[in-house]
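Below is one structure, written out as structure tokens, with a few remarks after it.
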Amino acid sequence: MAQLDLHTVEKKWQKHWDLEKTNAFIRESNKPLFCIDVPPPTVSGRMHLGHALGYTQADVIARYKKMQGFNLFYPFGFDDNGLATERFVEKELNIRGNTLQRSEFTKLCLEHTKKAEEELMHDFKALGLAADWSLVYRTISEEVREIAQHSFLDIYTKGRAYRKESPHMFCTTCNTAVAQAELEDSEKESYFIDLLFELENKEKITISTTRPEMLAACISIFVHPDDKRYLGLVGKKAKVPIFNNWVAIRKDARVNPEKGTGIVMCCTFGDQTDMEWYKAHNLELKIIINENGTLNEKAGTYKGMKIKEARERITAELEKLGLTSGKKKIVHAVNVHERCKTDIEFLVTKQWFIKYLDLKQEFLNQAKQINWNPKHMISRLENWISGLQWDWCISRQRFFGVPFPVWYCKKCGAIKLADEKDLPVDPLKDTPKEVCEKCGSKEFEPEKDVLDTWFTSSLTPQINAKWKIDEKLFEKIYPLDLRPQGHDIITLWAFNTIVKSYLHHKSIPWKNMMVNGWALDAKGRKMSKSLGNVVKPREVIEKYSADALRYWACSVVLGEDVPYNEKEFVAAIRLINKIYNSSKFVNLVTENASYEKLTEKKKKYASEDLWILSRLNSVIKSSTENMENYNFSRALAETRDFFWLEFCDMYIEEVKDRIYSGTEEEKQTAQFVLIETFLTVLKLFTPFMPHITEECYQSLNALNKKSRSITIEKYPKTDSSLINEFYEKMGELKMEIISSIRKYKNSKGMALNKELKKVIIYLEDGKLKEYLEPVKGTISKTCKIQSLEIEVGKAKGAIIEINKQIALLIEE
RNA sequence: GGGCUCGUGGUCUAGCGGUUAUGAUACCACCCUUACACGGUGGGGGUCAAGAGUUCGAAUCUCUUCGGGCCCACCA
């Protein structure tokens, strides 16, 4: 047989699985279903190692379920609507979305993402995923738009969608409202500036702020109700520096007396507390920031400047006028938009929201009904839900996304929804077919906003199940069985999906959740472009193979982060080679045998046969248990240890004697156990390393009846009648003794195949004798001992103690 | 500041109340023994992050401390 070329082998079998449709979902099948809601990767670049990790771990479970006899529903999708994709396309084509018509920009996005998706799909296929590639969806497709718009109409009809003008988090770079979940912390340098405000009696008070550019929007001053230093101030007025308007001093418990001077100015809106004060004290609204991040006419001479510029200019001006009393450089955490890292502002805009703060308890209950793996991951979601303080803002002032199926009556302003039958609609192009229900007008204004990406992404279970499109399918597979995803987006994707499923169906979206960790670099750091430590899966596959990458991905417990360790890949390559070489051995010694015929023949089992069969079934048993509990790393490690240390190192060596020089009956029994054990091990390895196991399976000559693929074979079933403690203990003792004799030879500088005249095994406990009698022959042959005896009682002479009960006496 | 989580030979990892603490990888020595030198055999290397407690007994349970990670809160 030729030397193993993994890349050729992997490509060959991937092509074979495609042609043979081994991964196809069979709709008409009566088998129990197992439906997976796989994360659709964002179309904004190439596949990274984190993808390889998460998708492989999920794939291992999928392949296991398939081999357990489930009809896999395992589609794949691409998330190609939304800001991430827009930015990707803008960057690649060097254009700006807002300079084009929505339809024109959308067209460019569609064309460009198509190419990017082909690349992505190529990479994901190279991992050897068992997904059904005929079920691919794109979140910008007509069908998905339809489902997303259905979702909106349903939520609106249920009275949970509302449109309101109110202060909300806004990104001035992306020009859009953002949700709580899209925020990120960023440590930024800033100045804490002490400003002097003048009271009516000309006295001065000092207020520290990091945002002097907000002065024009200052509408009140607050002190803590218990702060004795300043209680006298409450009710008085102070003059805002530069702008010279008078604002009232009030008390509020939200003031932190420890911070700055303990006096704080309130502007609409410098931060979230400002907004709370504005609402609680019914303050005047003075908006000075435009949606594009510049200041407006209310900011006087600072009109037209960007926030940062205004901050610098006004600081200089204040200092020049002697209106400051100090300036301190600080580093503080600021909320920024995760996509562009711009500081978040609070602007008053008209946005669509989903009302859900009153449903927190229900969401918690839903989460508890899902089986979380690992269990503790649920606490992240619980933590998030209890901390929620905003309704979900679902409108975005962007272009490439699913449009709201909404118009507004030009005459009376009433909301006009699209008809379910007409979905999907684009209000910019389409018009309502009926007149306004309120005033009868035919004139409508389209809603220009698009839905938040997560509004659509949170529908992947409904998209997969074709909600409203193929109701029969939906009924069949909803709720789905498994959602695999990363722990970083539990609060985003998992949470929003649970929300949607509850709002639409009062149901959980899936029964099981598996949460994977992250791929880190060799030093345990996050992979990022700026650190230059990004490892590309494509290169890893070229260097080591897909099976090796899969082995690495399964080498950790679910939920743990995995550093990129080359040695893990080296270990994988060695294992793959060992499997391949052992298959060559099996083929060599079973050349003219037929597994099917051997199965029917009467067997004369040797003690080592009973030992290896018992061990094999013990391994099947624990592997099955581990796989059921998503503990794939344990299953893989146990299978590997059994295969290498017991099957290869011990059993194959022991069996040679019978195969080369045994009687026909002995030979046939040995051949049978050899094939049986090897074939079973291959199947245990298949979910992890499907390529090499397929290669070995298809080339097993003794197998007359092969199926199209080992990946559709049944997962081994435990035969408890073969699990036998006696033989397992026998095997253990045998290995211990052989190992001790080898150690002895090694220490004496003897060759391992040097003959020994005599060895006596002394047993403290006579009961052990029965375990050793059956393996006397095996030990003698393996260690080249002319005469091997077993004696009960205290040892005489120079002995080697193996443990408290066993000692050896060796004569050279 | 809060929640969750992790910390075992150089490196990665199993074990989760009683083992001479598992295996991998790297290292050293010997060996090309008819599947495999991408192999075999053997060896050195760990006070199981630190401290205290519970227990006859702790890597394993509890508490404290230190260090890493993720998420959240704070952000005047």
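First the proteins, then the strands, lettered A, B, ... as listed; each starts at 1.
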Using whole Å, what does the distance between atom [atom2] of nucleotide [N] and atom [atom1] of [X] come to?
X	N	atom1	atom2	value
A:Leu558	B:A14	CG	P	13 Å
A:Glu382	B:U5	CD	P	12 Å
A:Lys188	B:C74	NZ	P	17 Å
A:Phe642	B:A14	CZ	C1'	19 Å
A:Asn335	B:A73	CG	P	7 Å
A:Ile489	B:C72	CD1	P	12 Å
A:Lys784	B:G40	NZ	P	19 Å
A:Asn581	B:G40	CG	C1'	13 Å

Inter-nucleotide [atom1] distance ([N], [M]), Å rounded:
N	M	atom1	result
B:A35	B:U19	C1'	34 Å
B:C27	B:G10	P	16 Å
B:G40	B:A50	C1'	42 Å
B:G43	B:C61	C1'	36 Å
B:C16	B:C6	C1'	14 Å
B:U64	B:G57	P	23 Å
B:C30	B:G44	C1'	15 Å
B:C4	B:C63	P	11 Å

Could you tell me whether the side chains of [X] and [Y] share a donor-acceptor contact shorter than 3.5 Å?
X	Y	answer
A:Thr206	A:Asp194	no
A:Arg250	A:Ser220	yes
A:Glu728	A:Ser618	yes
A:Arg640	A:Tyr551	yes
A:Tyr278	A:Glu284	no

Revision key, fill the gap. Scanning all shown strands, the Watson-Crick or wobble mate of B:A29 with both distances under 3.5 Å is B:U41
Check your understanding: Partner of B:G1 by Watson-Crick or G-U wobble geometry, both contacts under 3.5 Å, or none?
Key -> B:C72
Any Lys/Arg nitrogen of [X] or [Y] sitting under 4.0 Å from an Asp/Glu carboxylate oxygen of the other?
X	Y	value
A:Glu725	A:Lys729	no
A:Glu646	A:Arg615	yes
A:Lys188	A:Asp343	yes
A:Lys745	A:Glu755	no
A:Arg550	A:Glu10	no
A:Lys734	A:Glu654	yes

List, with names and distances, any nitrogen or oxygen atoms from the protein found under 3.5 Å away from nitrogen or oxygen atoms belonging to nucleotides 28-33 of chain B.
none

When you measure from the side chain of [X], which nucleotide among [options] comes out closest?
X	options	answer
A:Ser739	B:A76, B:A35, B:G42	B:G42
A:Asp649	B:C74, B:C36, B:U41	B:U41
A:Ala571	B:A24, B:G15, B:U5	B:A24

By the 4.0 Å heavy-atom rule, please label [X] as base, sugar-phosphate, or nothing.
X	answer
A:Trp644	sugar-phosphate
A:Ser555	nothing
A:Ala637	nothing
A:Cys648	base
A:Ile490	nothing
A:Arg640	sugar-phosphate
A:Ser208	sugar-phosphate
A:Lys259	base
A:Glu184	nothing
A:Ile573	base
A:Tyr660	sugar-phosphate
A:Asp274	nothing
A:Val255	base

More than 12 heavy atoms of other residues, nucleotides or ligands under 6.0 Å from [atom1] of [X]: yes or no?
X	atom1	result
A:Lys360	NZ	yes
A:Lys286	NZ	yes
A:Lys656	NZ	yes

Practice item. May I ask you to evaluate whether A:Arg574 reaches the phosphate of B:A24, defined as a side-chain N or O under 4.0 Å from OP1 or OP2? Key: no
Practice item. Establish, with yes or no, whether the OP1 or OP2 oxygen of B:C4 is under 4.0 angstrom from a side-chain nitrogen or oxygen of A:His487. Key: no
Check your understanding: Regarding A:Lys328 and the six-membered ring of A:Phe192, is the cationic atom NZ or CZ under 6.0 Å from the ring centre and inside 45° of its axis?
Key -> no
Revision key, fill the gap. Assert: residue with more 5' nearest nucleotide on RNA chain B, out of A:Ile652 and A:Leu645, is A:Leu645
**Study point:** First encountered from the 5' end of RNA chain B, between A:Met377 and A:Leu575
**Key:** A:Met377
Enumerate all atom pairs, one protein N or O and one N or O from nucleotides 7-10 of chain B, separated by less than 3.5 Å.
{"from": "B:G10", "atom 1": "N2", "to": "A:Lys567", "atom 2": "NZ", "distance (Å)": "3.3"}

Polar atoms only, N or O, under 3.5 Å: list the protein pairs with nucleotides 1-3 of chain B and their distances.
{"from": "B:G2", "atom 1": "N2", "to": "A:Asn383", "atom 2": "OD1", "distance (Å)": "3.4"}

